[in-house]
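The structure under discussion appears below in the form of C-alpha cells.
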Amino acid sequence: MSKSQNVWAEFFSDKICGGHRSSSEEFISKEAKEKLFHLDGGKTLLDFGCGAGELLVYYAPEYEKLIGVDFSASMLDEANRRIREKNYENVSLILADDKTVWKKLDSSFDRITAAGVFQYLTYQEIDKFIFNASNYLNEEGRIVLFDILDSRLYPLWKIGLFSQDPKPLYILRKVGFEFKTMVSASLKNRPRDILGYAHNPYKVEKIVNKQGFEMTCVQSMYYEYKYHAIIYRT
Ligand SMILES: C[S@@+](CC[C@H](N)C(=O)[O-])C[C@H]1O[C@@H](n2cnc3c(N)ncnc32)[C@H](O)[C@@H]1O
C-alpha cells in the first residue's frame with residue numbers, strides 16, 4: 001500500500017457510514033435512484049469502496065449478483081448488517097483495496113462502479129484501476145464512477161461561492177479557515193482535506209481513453225462540486 005493509501009486506510013478503519021450529505025433514507029434513496037439511472041442495467045455488479053452498503057442495498061434488488069469491496073472492516077461489518085437485515089442473498093462482500101481486489105474475483109461483471117471513492121486514489125492509481133477493471137468487465141460492460149470531486153468546482157464550493165448569499169466577508173473568512181486548515185494539516189503530516197483529492201475530468205478522460213475507453217461526464221444531481229464518469233468501450 002502506498003503512503004497516501006495507508007493514511008486513508010487508517011482514516012476509514014473505524015468509520016461506519018459513507019458521509020452522504022444526509023443519511024436519511026429519503027435522501028439516500030434519491031441518490032441511489034440517480035445512480036441506478038446511470039448504471040443503466042446489467043445483471044452483475046461490482047461496487048468498489050461500497051462502504052457501509054448504503055447504496056449497495058438499493059442496487060441489490062436490481063441485479064442478479066453483486067459484490068461489495070472495501071478496505072475498511074468496520075464499514076464492511078455495517079454493510080453486512082444492512083444486507084442481512086434486508087435478507088439479500090445475492091450480495092457478497094470482500095475485504096480488499098484497489099490493488100488486492102482483482103485476485104480475489106472469480107468472475108467478470110456487467111457493471112463496475114464506485115461512489116465517492118476515487119478521491120482517495122491518485123491519477124496513477126486511477127490509471128491502474130481502469131486497467132485492472134477492464135480485465136473484469138464484460139464485453140458490453142460499463143465502469144461508472146460516481147461523485148468524483150471536480151478540481152475546477154470544489155475549491156469554489158469550499159470557500160462558499162455556491163452558498164445562497166456569498167457575502168465578501170463570509171468568503172474571506174472561509175478562505176482564512178481553509179488556509180489555516182491546510183497549514184495545520186501539512187504541519188501534522190495529515191491529508192489536507194478529509195474529502196481527499198479533487199480530479200480534473202479532462203485528465204480522467206485522458207486516462208480512460210489511453211485504456212481504450214470513451215467517457216461521458218455528467219454533473220452530480222445532489223453535489224454541486226462532483227461529477228460522474230460513465231466509461232464504456234469504444
Ligand atoms: C466516502 S465512502 C463511500 C462509501 C459508499 N460508496 C457510499 O457511497 O456510501 C468511501 C469508501 O471507500 C473506501 N475506500 C477508499 N479507498 C479505498 C481503497 N483504495 N480500497 C478499498 N476501499 C477504499 C473507504 O473505506 C470508504 O468505505
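Only this structure's heavy atoms are used, side chains among them; waters, hydrogens and symmetry mates stay out. All ligand and atom numbering here is 1-based and tracks the order in the structure.
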Exercise for the section: On the 0 to 90° scale, with breaks at 30° and 60°, tag the Phe129-Phe48 ring pair as parallel, tilted or perpendicular. Expected result: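 Judged by the thresholds at 30° and 60°, the geometry between Phe129 and Phe48 is tilted.
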Problem - Aromatic ring pairing His199/Tyr197, orientation class (parallel under 30°, perpendicular over 60°, tilted between) - result: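 Aromatic pair His199/Tyr197 classed tilted.
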Exercise for the section: Ignoring hydrogens and angles, tell me if any N or O in the side chain of His38 forms a donor-acceptor pair with the backbone of Val144 under 3.5 Å. Expected result: no
Problem - Main-chain N/O of Tyr136 paired to Ser108 side chain as donor or acceptor, under 3.5 Å - result: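 No; zero donor-acceptor contacts below 3.5 Å.
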Contact (N/O only, under 3.5 Å) between [X] and ligand 1:
X: Phe48; value: no
X: Asp97; value: no
X: Leu121; value: no

Handout entry: Identified side-chain hydrogen bond (donor to acceptor under 3.5 Å, both in side chains) counterpart of Tyr58 within the set Glu31, Lys33, Lys35, Glu25
Key = Glu25
To which of [options] does the heavy atom nearest [atom] belong?
atom: atom 7 (C) of ligand 1; options: His20, Glu54, Gln119; result: His20
atom: atom 26 (C) of ligand 1; options: Ile28, Asp70, Leu55; result: Asp70
atom: atom 5 (C) of ligand 1; options: Gly49, Ser13, Ala114; result: Gly49
atom: atom 10 (C) of ligand 1; options: Gly51, Gly196, Gly116; result: Gly116

Please determine if [X] and [Y] form a salt bridge, counting it only when a charged side-chain N lies under 4.0 Å from a carboxylate O.
X: Arg152; Y: Asp150; value: yes
X: Asp127; Y: Lys210; value: yes
X: Arg81; Y: Glu85; value: yes
X: Glu125; Y: Lys128; value: no

Could you tell me if any non-hydrogen atom of [X] lies under 4.0 Å from any atom of ligand 1?
X: Val69; value: no
X: Lys15; value: no
X: Gly19; value: no
X: Gly53; value: no

Where's the contact between [X] and ligand 1, heavy-atom distance under 4.0 Å: side chain, backbone, both or neither?
X: Asp98; result: both
X: Ala52; result: neither
X: Glu125; result: neither
X: Phe12; result: side chain
X: Cys17; result: neither

Practice task
Take atom OH of Tyr202 as the centre, draw a 6.0 Å sphere, and report whether it contains more than 12 heavy atoms from other residues, nucleotides or ligands.
Solution key: no
Fill in the blank from the handout: The atoms of ligand 1 lying under 4.0 Å from a heavy atom of Ser72, numbered in the order shown, are 25 (O)
Practice task
Check each atom of ligand 1 against the heavy atoms of Ala96 and keep those under 4.0 Å away; list them by number with element.
Solution key: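 Checking each atom against Ala96, I get 21 (C).
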Let me check something: any side-chain donor-acceptor pairs from residues 61-73 under 3.5 Å, sequence neighbours excluded? List them with distances.
{"unit_1": "Tyr63", "atom_1": "OH", "unit_2": "Gly41", "atom_2": "O", "d": "2.7"}
{"unit_1": "Lys65", "atom_1": "NZ", "unit_2": "Ser107", "atom_2": "OG", "d": "2.9"}
{"unit_1": "Asp70", "atom_1": "OD1", "unit_2": "Ser72", "atom_2": "N", "d": "2.9"}
{"unit_1": "Asp70", "atom_1": "OD2", "unit_2": "Cys50", "atom_2": "N", "d": "3.4"}
{"unit_1": "Asp70", "atom_1": "OD2", "unit_2": "Gly51", "atom_2": "N", "d": "2.7"}
{"unit_1": "Ser72", "atom_1": "OG", "unit_2": "Phe12", "atom_2": "O", "d": "2.7"}
{"unit_1": "Ser72", "atom_1": "OG", "unit_2": "Ser74", "atom_2": "OG", "d": "3.1"}
{"unit_1": "Ser72", "atom_1": "OG", "unit_2": "Met75", "atom_2": "N", "d": "3.2"}

